[in-house]
Peer 1: 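Before anything else, here's the structure in question.
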Amino acid sequence: MAAAAAAILSAALRRSRPATAALLLHRPLPSCRSLPPPLLPSLGRASPLLPRFPGSAGFRYSTVADESTAPAKPKGKARKNPMKQSRFDFTKVDAALLPTVILVGRPNVGKSALFNRFIRRREALVYNTPGDHVTRDIREGVAKLGDLRFRVLDSAGLETAATSGSILARTADMTGNVLARSQFAIFLIDVRDGLQPLDLEVGQWLRRHASGIHTIVAMNKSEPLDEHGVLTAAAGEAHRLGFGDPVAISAETGLGMAELYEILRPLFEDYMFQLTNNGLNQDDPTSEAETEAHEGDESKLPLQLAIVGRPNVGKSTLLNTLLQEQRVLVGPEAGLTRDSIRTQFQFDNRTVYLVDTAGWMERSGKEKGPASLSVVQSRKNLMRAHIVALVLDGEKIAKSKSSMNHPEVLIARQAIEEGRGLVVIVNKMDLLRENRPLFDKVIDAVPKEIQTVIPQVTGIPVVFMSALEGRGRIAVMRQVIDTYEKWCLRLSTSRLNRWLRKVMSRHSWKDSATQPKVKYFTQVKARPPTFVAFMSGKVQLSDTDIRFLTKSLKEDFDIGGIPIRVVQRSIPRKETVKSNNRNTGPRINTRMRTDKRTTVSEPTTS
């Protein structure tokens with residue numbers, strides 16, 4: 001009977017029925033007298049006949065009598081233990097001093113998906129292409145993992161058997177150059193495919209080129225295998241790479257991010273403490289001081305510059321020339337750039353965010369795969385930019401009858417309609433240097449045709465350069481900065497109204513009776529400059545009058561080459577009459593005195 005009672009009690013506890021177990025313990029069964037003495041006291045503890053659960057040290061099964069005196073448990077679900085907080089505040093560290101982590105691996109293992117999860121936005125293109133590379137350039141961003149902050153680099157897929165001079169060989173060389181400025185590496189493998197021979201070759205490549213970099217093996221795409229016991233076998237295979245214990249993650253669903261945090265946290269803390277001991281300050285007081293000093297001056301804020309144009313006009317070469325480093329992949333192949341690469345650099349003590357977009361093509365509806373994603377991403381970056389640099393091919397202009405094709409005209413018009421500053425760059429002028437008449441013809445024809453195609457904006461700047469030779473780099477940046485300062489210009493209302501009186505007096509009106517009456521003129525916003533003319537009469541400004549005011553603004557204040565918006569608003573006469581009669585006549589205050597039956601009003605004059 002003792003064995004039977006213990007078995008029933010054990011089954012009730014296994015089935016999570018504490019009430020049944022309590023009743024069994026509290027119920028005075030006749031067979032309880034026959035229980036051995038050691039068993040009765042142990043019912044309040046862990047009995048040797050009862051199963052022991054993990055972590056059940058000091059565990060006590062309560063009875064009904066014990067429940068009446070037990071403290072009340074808080075209602076609601078038990079919250080999971082949060083991740084441990086770091087001893088170092090990474091949010092106050094300058095981005096240039098943060099630890100750098102590079103994501104490496106063979107193609108199509110989820111490096112770009114993990115990059116997007118780290119930076120918490122979909123910036124890198126992600127597409128399932130087993131036989132092709134989606135990522136070809138090095139993409140950089142600031143990652144956020146719990147309270148950790150670090151710089152993360154997304155690299156192209158490595159293939160050690162690539163032929164010399166091919167795209168794969170050039171991407172591998174670029175990844176090797178970036179390893180020099182990285183302190184940590186996350187080596188991704190696809191756990192669903194198992195350990196491939198190419199994974200072993202990438203591991204050997206890392207040991208040759210990144211011997212001083214701490215490498216962490218991450219088994220990606222492990223979400224369907226976390227409950228089937230396959231991860232243990234996969235972890236055993238991953239040990240063959242020779243980089244220690246792997247961590248199972250899923251970049252798509254976020255599985256394993258807590259475990260990855262626990263691995264990275266002590267490594268980053270040791271790295272930052274070493275920087276502090278070496279005398280480097282974690283804070284960046286200069287950037288904070290610059291931000292506070294530039295709060296009132298919008299033209300000193302960071303500049304967003306997008307390089308757009310048709311495929312194979314030299315956009316990536318221009319970006320490398322401006323940065324003075326081989327930052328993105330270049331070559332004679334058309335459509336080489338797929339991702340829109342965003343990078344940061346300093347020019348004349350000014351922060352510039354530079355975006356190299358994929359080649360702008362006419363959307364035919366037949367684009368598939370990464371090509372369709374590249375087109376959408378290029379259009380998004382055009383909307384985010386402050387200044388748009390439209391790159392043209394000088395050699396093609398010399399051979400064709402027109403300077404701009406239909407896609408280039410669409411880019412220019414869309415940039416102007418969105419209120420962005422536009423700078424036209426004619427590249428590959430070094431190919432026309434030997435033919436001087438043709439060289440002069442291109443220089444003379446391009447500005448005229450741009451003015452014909454975009455008549456609503458006059459004076460769009462045009463820069464002629466050779467990105468391959470580096471000639472014209474300073475001229476391009478100075479023209480971009482000048483356009484940006486005009487785009488951020490703010491004029492005071494008093495200055496604008498003094499200008500308005502002079503302009504209205506020199507404008508030829510058909511009849512003084514029909515002349516519109518502008519009460520005052522003011523600027524309501526910048527980026528781009530937007531002005532409002534408040535009208536006091538019934539006569540409104542015509543389209544010709546608005547064009548006259550816009551042209552006069554550009555000429556008198558030297559803000560040509562950027563879109564300017566002039567709108568008009570009418571001041572109703574009723575509001576004017578009310579405002580004039582508001583202070584006329586004596587002011588009468590009525591004081592009310594009430595009781596339950598009568599109400600008496602006593603007018604008083606003040």
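None of the values given here were measured: they were computed from a predicted structure.
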Peer 1: Taking atom CD of E434 as the centre, does the number of heavy atoms from other residues, nucleotides or ligands within less than 6.0 Å exceed 12?
Peer 2: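 For E434, atom CD is not crowded (no more than 12 foreign heavy atoms under 6.0 Å).
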Peer 1: Quick check: do V352 and M477 have side-chain heavy atoms less than 4.5 Å from each other?
Peer 2: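 Yes, side chains in contact.
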Peer 1: What pairs of residues pass the ring-ring contact (aromatic ring centres under 6.0 Å, His included) test when at least one of them lies in residues 301-322, not counting sequence neighbours?
Peer 2: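 Every pair satisfying ring-ring contact (aromatic ring centres under 6.0 Å, His included) with a residue in residues 301-322: there are none.
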Peer 1: For F90, is there any backbone N or O sitting under 3.5 Å from a side-chain donor or acceptor partner on R149?
Peer 2: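 It does not hold such a pair.
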Peer 1: Can you tell me how far CG of D430 sits from CZ of R471, rounded to the nearest 0.5 angstrom?
Peer 2: 8.0 Å
Peer 1: For residues 97-116, which residue pairs pass the salt bridge (Lys or Arg N to Asp or Glu O under 4.0 Å) check, not counting sequence neighbours?
Peer 2: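 Sorted result for residues 97-116: R106-D193, R106-D199.
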Peer 1: Measure from the side-chain N and O atoms of Q479 to the backbone N and O of V476, and report whether any donor-acceptor pair falls under 3.5 Å.
Peer 2: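 Not a single qualifying donor-acceptor pair exists.
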Peer 1: For the pair S250 (side chain) and S222 (backbone), establish whether a donor and an acceptor sit closer than 3.5 Å, ignoring hydrogens and angles.
Peer 2: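 Not a single qualifying donor-acceptor pair exists.
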Peer 1: Do the non-hydrogen side-chain atoms of Q414 and M383 ever get within less than 4.5 Å of each other?
Peer 2: yes
Peer 1: Has the side chain of K315 got a donor or acceptor atom that lies under 3.5 Å from a matching backbone atom of R310?
Peer 2: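 Side chain of K315 to backbone of R310: a pair is present.
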Peer 1: State, to 0.1 Å, how close L97 and L275 come at their nearest heavy-atom pair, and which atoms those are.
Peer 2: O-CD1, 3.5 Å
Peer 1: D356: which residues meet the salt bridge (charged side-chain N to carboxylate O under 4.0 Å, His left out) condition with it, sequence neighbours left out?
Peer 2: none
Peer 1: My understanding is that only residues two or more places apart in sequence, or in another chain, count here; which of them pass ring-ring contact (aromatic ring centres under 6.0 Å, His included) with H214?
Peer 2: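 If we apply the ring-ring contact (aromatic ring centres under 6.0 Å, His included) test to H214, skipping adjacent residues, there are no hits.
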Peer 1: Is it true that the NZ or CZ of R433 lies under 6.0 Å from the centre of F439's six-membered ring and within 45 degrees of the ring axis?
Peer 2: no
Peer 1: Are D482 and K486 close enough for a salt bridge, meaning some N to O gap below 4.0 Å?
Peer 2: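 Judged by the 4.0 Å cut-off on N to carboxylate O distance, D482 and K486 do form a salt bridge.
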Peer 1: CD1 of I460 to CD1 of I454: how many Å apart, nearest 0.5 Å?
Peer 2: 4.0 Å
Peer 1: Could you check whether atom CZ of R207 has more than 12 heavy atoms from other residues, nucleotides or ligands sitting under 6.0 Å from it?
Peer 2: yes
Peer 1: Check I186, D190, V191 against L188 for a side chain to side chain contact (heavy atoms under 4.5 Å, CB included) and give me the one that passes.
Peer 2: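 Of all the options given, the one that passes is I186.
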Peer 1: Main chain of S403, side chain of E449: is a donor-acceptor contact present, judged purely on distance under 3.5 Å?
Peer 2: yes
Peer 1: Where is the tightest heavy-atom contact between F184 and P99, given as atom of each residue plus distance?
Peer 2: CE1-CB, 3.8 Å
Peer 1: Do the side chain of T321 and the main chain of A467 share a donor and acceptor less than 3.5 angstrom apart?
Peer 2: yes
Peer 1: Report yes or no: does W487 contribute a side-chain atom to a donor-acceptor pair with the main-chain N or O of L422 at less than 3.5 Å?
Peer 2: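 No.
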Peer 1: Can you find a pair of side-chain heavy atoms, one from H209 and one from I213, that are under 4.5 Å apart?
Peer 2: no
Peer 1: Ignoring hydrogens and angles, tell me if any N or O in the side chain of R420 forms a donor-acceptor pair with the backbone of E418 under 3.5 Å.
Peer 2: yes
Peer 1: Say you draw a straight line from CD of Q196 to CD of E237; how long is it, rounded to the nearest 0.5 Å?
Peer 2: 9.0 Å
Peer 1: Is it true that, when you exclude R240 itself, more than 12 heavy atoms of the residues, nucleotides or ligands shown sit nearer than 6.0 Å to its CZ?
Peer 2: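 Counting other residues, nucleotides and ligands, CZ of R240 stays at 12 neighbours or fewer.
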Peer 1: Grab the two heavy atoms, one from G146 and one from Y261, that are nearest each other, plus how far apart they are.
Peer 2: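 It is CA-CE1, 4.4 Å.
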Peer 1: Does some side-chain heavy atom of R350 sit less than 4.5 Å from a side-chain heavy atom of F347?
Peer 2: no
Peer 1: About how many Å separate CD1 of I102 and CD of Q183, when rounded to the nearest 0.5 Å?
Peer 2: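 Going from the CD atom of Q183 to the CD1 atom of I102 covers 11.0 Å.
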Peer 1: Checking the side chain of D154 only, and the main-chain atoms of L103 only, is there a donor and an acceptor separated by less than 3.5 Å?
Peer 2: no
Peer 1: Side chains of V423 and Y484: does their closest heavy-atom pair fall under 4.5 Å?
Peer 2: no
Peer 1: Is the ring centre of F150 less than 6.0 Å from the ring centre of F118?
Peer 2: yes
Peer 1: Can you list the residues that meet the ring-ring contact (aromatic ring centres under 6.0 Å, His included) rule with F273, with sequence neighbours excluded?
Peer 2: F88
Peer 1: Give, for atom CD1 of I249 and atom CG of N220, the distance between the pair rounded to the nearest 0.5 Å.
Peer 2: 4.5 Å
Peer 1: Would you call L241 and L206 a side-chain contact if the rule is heavy atoms closer than 4.5 Å?
Peer 2: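 The answer is no; the side chains never approach within 4.5 Å.
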Peer 1: Would you name the heavy atoms of F464 and I443 that are closest together and state the gap between them?
Peer 2: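 Minimum heavy-atom separation between F464 and I443: CZ-CA, 3.5 Å.
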Peer 1: Verify, without hydrogens or angle tests, whether N427 (side chain) and V313 (backbone) share a donor-acceptor contact under 3.5 angstrom.
Peer 2: yes
Peer 1: Looking at CE of M429 and CG of L468, how far apart are the two atoms once the value is rounded to the nearest 0.5 Å?
Peer 2: 14.5 Å
Peer 1: Taking only Lys NZ, Arg NE, NH1 and NH2, and the carboxylate oxygens of Asp or Glu, determine whether R121 and E123 approach each other closer than 4.0 Å.
Peer 2: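 So R121 pairs with E123 through a salt bridge.
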Peer 1: Considering only distance and modelled atom types, tabulate donor-acceptor pairs under 3.5 Å from the side chains of residues 384-393, sequence neighbours left out.
Peer 2:
from, atom 1, to, atom 2, distance (Å)
H386, ND1, Q304, N, 3.2
H386, NE2, R527, NH2, 3.3
D393, OD1, E395, N, 3.1
D393, OD2, K428, NZ, 3.4

Peer 1: Charged N to carboxylate O under 4.0 angstrom, R151 versus E140?
Peer 2: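 Answer for the salt bridge query: yes.
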